[in-house]
Student: 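Okay, here's the structure, questions in a sec.
Only heavy atoms go into these numbers, but all of them, side chains included; no hydrogens, no water, no symmetry mates.
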Amino acid sequence: MNKHNVSPPGTVPARPVAARASAIAPVRFELAVGMVVLALVLAALVVVIGLPGLSVMWAVLVYAGMVVLLLRHWPDQSQSLGVANRITLGRALVVAVLAGASAGFPALAPHTGVLALMALVALVLDGVDGWAARRWRCVSEFGARFDMELDAFLILVLCALLWVLDRAGVWVFAIGAMRYLFVLAMRPWPWLAAPLPPSQRRKAVCVWQVGSLLVCLLPGVRGGFALFLLWAALALLVWSFALDVRWLHRQRAVSAVGSFP
C-alpha cells in the first residue's frame with residue numbers, strides 16, 4: 001500500500017483538474033469562452049479606436065443577456081453547442097460589440113468604417129453558420145431560432161447606429177422593430193405563431209436589409225442615396241411580412257374548415 005496516496009481521515013481527495021473541467025456543462029464552458037473573447041475584442045477596440053467605457057459596459061451587458069436566453073432555451077445542458085451554433089455565437093459577439101458602440105457617440109463618429117466592417121463580418125458569418133449546419137448535419141430548431149433572433153437584433157442595432165449618427169430619422173426603427181411587433185401581435189392573434197415554411201424570399205429580404213443598413217453606415221453615404229436604400233429596405237420588409245401574414249391567415253382558415261365534424 002502506498003502511504004503517500006492515503007488522504008487524512010475526514011477529507012475528500014481532490015479531483016484532477018481535467019475531471020473538474022469536465023464537470024462543467026459544455027455549453028456553459030463555451031459561453032464563458034465567448035465572454036473571454038468578447039473581453040479581448042473590447043480591449044483591442046479601446047486601444048485602437050478609443051471605444052468608450054459606456055460602450056464596453058453595454059456590450060458586456062448585451063452578451064450577458066444573450067447568455068441568459070441561450071441557457072434558458074438550450075435543450076440539453078450536457079451537450080455542446082456544435083459547430084454551427086458556435087459560429088452563430090461568434091456572430092453574437094460581433095453584434096454585442098455593435099450594440100455597445102451605439103452608446104459610444106459622438107466619440108465613435110470618426111470610426112464608422114470600422115463599425116461597418118464589423119457589420120460585414122456579421123453578415124458573412126450569417127451565411128457561414130447555415131452552411132456549417134448543412135455540412136456537418138447539425139441543423140436544429142434551436143439553431144434556426146438562434147440565427148433568426150440574432151438577425152432581428154442585428155438589424156435593430158444597425159438602425160440604432162444610423163439614428164445616433166443622424167443618417168436617418170427615428171422612422172428607421174420601423175425596420176428594426178418589425179420582427180418584434182410581429183411577435184407582440186401573436187398575443188391577440190395566436191394563429192400568427194404557427195410555423196412558417198422555409199423561404200428564400202424571406203432570407204433575401206433579410207440580406208437586403210442588413211446590406212442596406214451596412215452601406216448607409218459607411219463614411220460619406222448619406223442624403224438621397226441612403227434614404228432610397230433605407231426606404232426600399234422598409235418597403236421590402238413590409239411586403240415580406242404581408243405575404244407571411246396572408247399565408248398564416250389562409251392556413252388558419254384551412255384548419256378551421258378541417259375542424260368541423
Student: Determine, using the 4.5 Å side-chain heavy-atom cutoff (strictly less than), whether W171 and V221 are members of one ILVMFWY cluster.
Tutor: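 Same hydrophobic cluster.
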
Student: Taking only Lys NZ, Arg NE, NH1 and NH2, and the carboxylate oxygens of Asp or Glu, determine whether D147 and R91 approach each other closer than 4.0 Å.
Tutor: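 Answer for the salt bridge query: yes.
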
Student: When rounded to the nearest 0.5 angstrom, what is the spacing between CZ in F142 and OG1 in T88?
Tutor: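 Here the interatomic distance stands at 9.0 Å.
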
Student: So does W208 get a backbone contact from the side chain of S212, meaning a donor-acceptor N/O pair under 3.5 Å?
Tutor: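 Yes, the answer is positive, given that a donor and an acceptor are paired below the 3.5 Å cut-off.
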
Student: Look at R201 together with D244 and state whether they make a salt bridge at an N to O cut-off of under 4.0 Å.
Tutor: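 Yes, charged N to carboxylate O under 4.0 Å.
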
Student: Pair V97, V62 - check side-chain contact (heavy atoms from CB on, under 4.5 Å), show working.
Tutor: CA-CA 9 Å; V97 174; V62 167; over 6 Å; no

Student: Any salt bridge linking R145 with E149? Criterion: basic side-chain nitrogen under 4.0 Å from a carboxylate oxygen.
Tutor: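 Here R145 pairs with E149 in a salt bridge, since their nearest N and O are under 4.0 Å apart.
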
Student: Out of curiosity, C159 SG to M178 CE, how far, rounded to the nearest 0.5 Å?
Tutor: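 So the gap between those two atoms works out to 10.0 Å.
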
Student: Show the nearest heavy-atom pair for residues L38 and A59, with the distance to one decimal.
Tutor: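 Looking at all heavy atoms of both residues, the shortest contact is CD2-O, 3.9 Å.
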
Student: Are any of the side-chain heavy atoms of F146 and D129 separated by less than 4.5 Å?
Tutor: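 When only atoms from C-beta onward are counted, D129 and F146 do not touch, as no gap falls below 4.5 Å.
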
Student: Do you know which two heavy atoms are closest between P26 and S78, and how far apart they sit?
Tutor: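 Closest pair (atom of P26, atom of S78, distance): CG-O, 3.5 Å.
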
Student: What's the spacing between L115 CG and L165 CG if we round to 0.5 Å?
Tutor: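 CG of L165 is found 8.0 Å from CG of L115.
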
Student: Taking all non-hydrogen atoms of both residues, which atom of P197 and which atom of W247 are closest, and how far apart?
Tutor: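 Residues P197 and W247, closest heavy atoms: CD-CH2, 3.5 Å.
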
Student: Under 3.5 Å, is there a donor-acceptor pair between the side chain of R202 and the main chain of L196?
Tutor: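 Not a single qualifying donor-acceptor pair exists.
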
Student: Give a yes or no on whether F228 atom CZ has more than 12 heavy-atom contacts from other residues, nucleotides or ligands under 6.0 Å away.
Tutor: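 At most 12 heavy atoms, drawn from other residues, nucleotides or ligands, come within 6.0 Å of this atom.
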
Student: As an exercise, state the distance from CG of L98 to CZ of F153, rounded to the nearest 0.5 Å.
Tutor: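 Rounded to the nearest 0.5 Å, the CG-CZ separation comes to 9.5 Å.
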
Student: Should Y180 and L156 count as side-chain neighbours, where that means a heavy-atom distance under 4.5 Å?
Tutor: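 Y180 reaches L156 side chain to side chain.
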
Student: Can you find a heavy atom in the side chain of W74 that is under 4.5 Å from one in the side chain of N85?
Tutor: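 Yes; the side chains approach each other to less than 4.5 Å.
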
Student: Are L158 and V94 connected in a single hydrophobic cluster, I mean Ile/Leu/Val/Met/Phe/Trp/Tyr linked by side-chain heavy atoms less than 4.5 Å apart?
Tutor: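 In one cluster: yes.
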
Student: For the pair E30 (side chain) and L81 (backbone), establish whether a donor and an acceptor sit closer than 3.5 Å, ignoring hydrogens and angles.
Tutor: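 Such a contact is found between E30 side chain and L81 backbone.
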
Student: Given side chains that start at C-beta, do those of M66 and L150 come closer than 4.5 Å, heavy atoms only?
Tutor: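 Side-chain contact under 4.5 Å: yes.
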
Student: Looking at side-chain heavy atoms only, is the closest gap between I175 and I155 below 4.5 Å?
Tutor: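 A side-chain contact under 4.5 Å exists here.
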
Student: Rounded to the nearest 0.5 Å, what's the gap from CG on L161 to OG1 on T112? Could you check?
Tutor: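 Here the interatomic distance stands at 10.0 Å.
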
Student: Passes side-chain contact (heavy atoms from CB on, under 4.5 Å), L213 versus L230? Steps please.
Tutor: CA-CA 7 Å; L213 294 167; L230 295 175; 3.5 Å; yes

Student: Mind checking whether Q209 and L234 have side chains closer than 4.5 Å, heavy atoms only?
Tutor: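 Sidechains of L234 and Q209: no contact.
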
Student: Just jot down the ring pair (Phe, Tyr, Trp, His ring centres under 6.0 Å) partners of W136, sequence neighbours excluded, or say none.
Tutor: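 Expected list: W131.
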
Student: Search all heavy atoms of A119 against all heavy atoms of L214 and return the closest pair with its distance.
Tutor: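 Where A119 meets L214 most closely, the heavy atoms are C-CD1, 3.6 Å.
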
Student: Would you find a donor on one side and an acceptor on the other, under 3.5 Å apart, between the side chain of Y63 and the backbone of L31?
Tutor: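 Yes; at least one donor-acceptor contact below 3.5 Å.
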
Student: Using the rule that two of Ile, Leu, Val, Met, Phe, Trp, Tyr join whenever any of their side-chain heavy atoms come within less than 4.5 Å, decide whether L61 and V56 are in one cluster.
Tutor: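 Looking at the clustering, V56 is in a separate group from L61.
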
Student: Side-chain heavy atoms under 4.5 angstrom apart, residues restricted to Ile, Leu, Val, Met, Phe, Trp, Tyr: same cluster for L227 and V170?
Tutor: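 Looking at the clustering, V170 is in the same group as L227.
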
Student: As a quick check of understanding, evaluate side-chain contact (heavy atoms from CB on, under 4.5 Å) for D166 and F105, giving each step before the final call.
Tutor: CA-CA 11 Å; D166 202 26; F105 289 88; over 6 Å; no

Student: Does some side-chain heavy atom of S80 sit less than 4.5 Å from a side-chain heavy atom of V27?
Tutor: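 The answer is no, as the side chains (C-beta and beyond) never meet within the 4.5 Å cut-off.
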
Student: Using the rule that Ile, Leu, Val, Met, Phe, Trp and Tyr join whenever any side-chain heavy atoms are under 4.5 Å apart, tell me whether L51 and L54 fall into a single cluster.
Tutor: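 L51 does not cluster with L54.
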
Student: Taking all heavy atoms of A116 and all of L218, pick out the closest pair and write down the distance.
Tutor: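 Where A116 meets L218 most closely, the heavy atoms are CB-CD2, 3.6 Å.
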
Student: Does F225 reach the side chain of C216, with side-chain heavy atoms less than 4.5 Å apart?
Tutor: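 In short, these two side chains do not touch, never coming nearer than 4.5 Å.
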
Student: Rounded at 0.5 Å granularity, tell me how far CD1 in I87 sits from CG in D126.
Tutor: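 Nearest 0.5 Å value for the CD1-CG distance: 11.0 Å.
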
Student: Donor-acceptor check, side chain of Q77 to backbone of L71, threshold 3.5 angstrom: yes or no?
Tutor: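 Checked: pair present.
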
Student: Search all heavy atoms of P195 against all heavy atoms of L248 and return the closest pair with its distance.
Tutor: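 Nearest pair, atom of P195 first, then L248: O-CD2, 4.4 Å.
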
